[in-house]
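What follows is a single structure, written as structure tokens, with notes after it.
Please read all numbers here as calculations on a predicted model, not as lab measurements. Just so it is clear: chains get the letters A, B, ... in the order the sequence lines come, proteins before strands, and each one is counted from 1.
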Protein chains: 2
Amino acid sequence: MLTISQLATYAGVTVRAVRHYHKIALLPEPARDRSGYRSYDSAAVVRLIRIRTLTDAGVPLARVQKLLDAAPQEFEDGVHDIDKELRAEIRRLEASRRRLARLAAGEQLALPQSVIDYLDRLRRHGVSERYLEMERDAWIMIAAQVPDLIDTVIAAKHEQLEDPDAQKLYSLVSEAVDNQGDEALLVEIADILERLYIRAAEAGQLGDEPFDDQLVKLLDAVMLESAPEAARLLAIMEKRGWKGWTRIEQVPPPGQRQFGSRTAPAG
Amino acid sequence: MLTISQLATYAGVTVRAVRHYHKIALLPEPARDRSGYRSYDSAAVVRLIRIRTLTDAGVPLARVQKLLDAAPQEFEDGVHDIDKELRAEIRRLEASRRRLARLAAGEQLALPQSVIDYLDRLRRHGVSERYLEMERDAWIMIAAQVPDLIDTVIAAKHEQLEDPDAQKLYSLVSEAVDNQGDEALLVEIADILERLYIRAAEAGQLGDEPFDDQLVKLLDAVMLESAPEAARLLAIMEKRGWKGWTRIEQVPPPGQRQFGSRTAPAG
DNA sequence: CTTGACCTTGACGCAGCGTCAACCCTCCAT
DNA sequence: ATGGAGGGTTGACGCTGCGTCAAGGTCAAG
């Protein structure tokens, strides 16, 4: 006859755990000796070891209960299921290891690969790190809000970058971010923007972006938040008759097609 | 600016988890918009994704806290430690899978291999399953109480089994267990026992077992518990002048060496 | 007879959220 | 303007699987 600590030690669990199993009726309360001590037989050892084997595998006690009290066939099926779950868990942990490695390497876990590639392209075009950080943060927000659209948006961005004027634009914007308050630079940027807009208007593509109102609003807002210069630039452009940012409209010269009119950037 | 559910969804956690992280100051409370809603920026996304990467790896939140607020070098070291722990956990789960397979196969996880081998040997000698179960249960109790002695005890048992009389003994005992209450059988067993004892006494080995008092007591007790016949047999042997069981003493014929005298089996 | 290592029950504590409850905000269609 | 859907807010209790006191009673040994 075993005492509780002999039982627990041999089965490799704590005394506290054994008492817990009694309380939830997972292990039957054994007879007591004359001083009130619990006195265990070999059946208790066998059952407790089975319990431990299952809990070690991460099986919750309620499920252990059902399993141990089930018919042999159900038991075997249940164990088979658990084994499958264990295999899945192992795979999960291995994936977790890979993510950890990326985390330690300082990689951008917050962004999809397409965005990372796009930022790398900007970097190769000579865009400054300061501006890249702003871009990155903006893309994080966009990806978080409209994750399924992100690849479409990025694809459009890549296409824009084919234009040499667009490339010039980015290097100037990057410069503007680094030399804050340089009004002349903003004007230069505005000039390029206008050229691009006019060309788009002539091609009949002005306001032709594929995005819905929500995304347009978002992109504008993110843009305005990320840099103080953005608001100044927008003001300059509006003086020249261009309104909006993600979705451009030409204001004073009449006879142009008009699109949605709620493009005013949200505070 | 993100709402809490946008943040949570994109980072792959629940809204409840995010609020929990705020409560324990793992993720800083962001500013609120005019209606009291939390409004998150990209830094929150980055931090939350880092949190999730670590918690997915099984790191407790308190440790995540320390890690994220540590210097880059400490962070990298910490992540490396976690990776080591992950590898260990994966190995543990693989070991668990192997034990589960044995459990499903109905193997005796409660007994060391040496005992299983010994029981197999008894089975090959023709011992009945009924008796084998009793033996097995007894060995479970013994192994649970004195796990480090079990291999020594088993080795001695194997040696005993070399004697043809001992083999005969086991088959008779097995028979006695199957035909309970057969007094003649018990007498026959007693005869063999006596022959073995006398031979041991002549070789000067009586009472020479290597066990301490506690184990002697245990083995006697287990023996008496496991079968009602045992007590009858002990009585017969005592009438013939033999006392004890695991450790034998010869009582009436004087001039024999005497060993410990506390061999009376405990109730 | 004391000491130390057991045993007993009972109760609270812990992580990491899940899950109400009860209420407020915003937007859209009616 | 109204009502309902689908967000958000705080607060509090629930869950698992025990760890960890607390406040004793018991047993074997010196």
Pairs under 3.5 angstrom only: tabulate donor-acceptor contacts from the side chains of residues 142-154 of chain B to other protein residues two or more places apart or in another chain.
| from | atom 1 | to | atom 2 | distance (Å) |
| --- | --- | --- | --- | --- |
| B:Q145 | NE2 | A:M1 | O | 3.4 |
| B:Q145 | NE2 | A:Q6 | OE1 | 3.4 |
| B:D151 | OD1 | B:S114 | OG | 2.8 |

Among [range], which ones have heavy-atom contacts with DNA chain D below 4.0 Å?
range                     : result
residues 14-27 of chain B : B:R16, B:R19
residues 30-40 of chain A : A:S35, A:Y37
residues 52-69 of chain A : A:P60, A:L61

Residues [X] and [Y] bridged, charged N to O under 4.0 Å:
X      : Y      : value
A:D220 : A:R247 : no
A:R63  : A:E85  : yes
B:E94  : B:R91  : no
B:K217 : B:D213 : no

Exercise for the section: Any chance you could lay out the salt bridge (Lys or Arg N to Asp or Glu O under 4.0 Å) test for B:E89 and B:R92, step after step, and finish with the verdict? Expected result: CA-CA 5 Å; B:E89 175 69 3; B:R92 204 186 64 75; 3.1 Å; yes
Problem - Donor-acceptor contact below 3.5 Å, side chain A:R52 vs main chain A:A11 - result: yes
Problem - Polar side-chain atom of B:D77 near backbone of B:H80 as donor-acceptor pair, under 3.5 Å - result: no
Problem - Stacked cation flag B:R47 on B:Y21, 6.0 angstrom / 45 deg - result: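 Relative to the ring axis of B:Y21, which defines the angle, B:R47 lies outside at least one limit.
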Problem - For chain B, the stretch of DNA chain D it reaches, first to last nucleotide, under 4.0 Å of its heavy atoms - result: D:dG7 to D:dA12
Fill in the blank from the handout: Residues pairing under salt bridge (charged side-chain N to carboxylate O under 4.0 Å, His left out) where one sits in residues 10-19 of chain A, two or more places apart or in two chains, turn out to be none
Practice task
State, with a plain yes or no, whether a side-chain heavy atom of B:Y40 is found less than 4.5 Å away from one of B:I4.
Solution key: yes
Practice task
Kindly assign one of parallel, tilted or perpendicular to the pair B:Y118 and B:W139, based on the angle between their ring planes and the thresholds 30° and 60°.
Solution key: perpendicular
Completion exercise
Here the distance between atom C1' of C:dA15 and atom CD1 of B:I51, to the nearest Å, is 15 Å
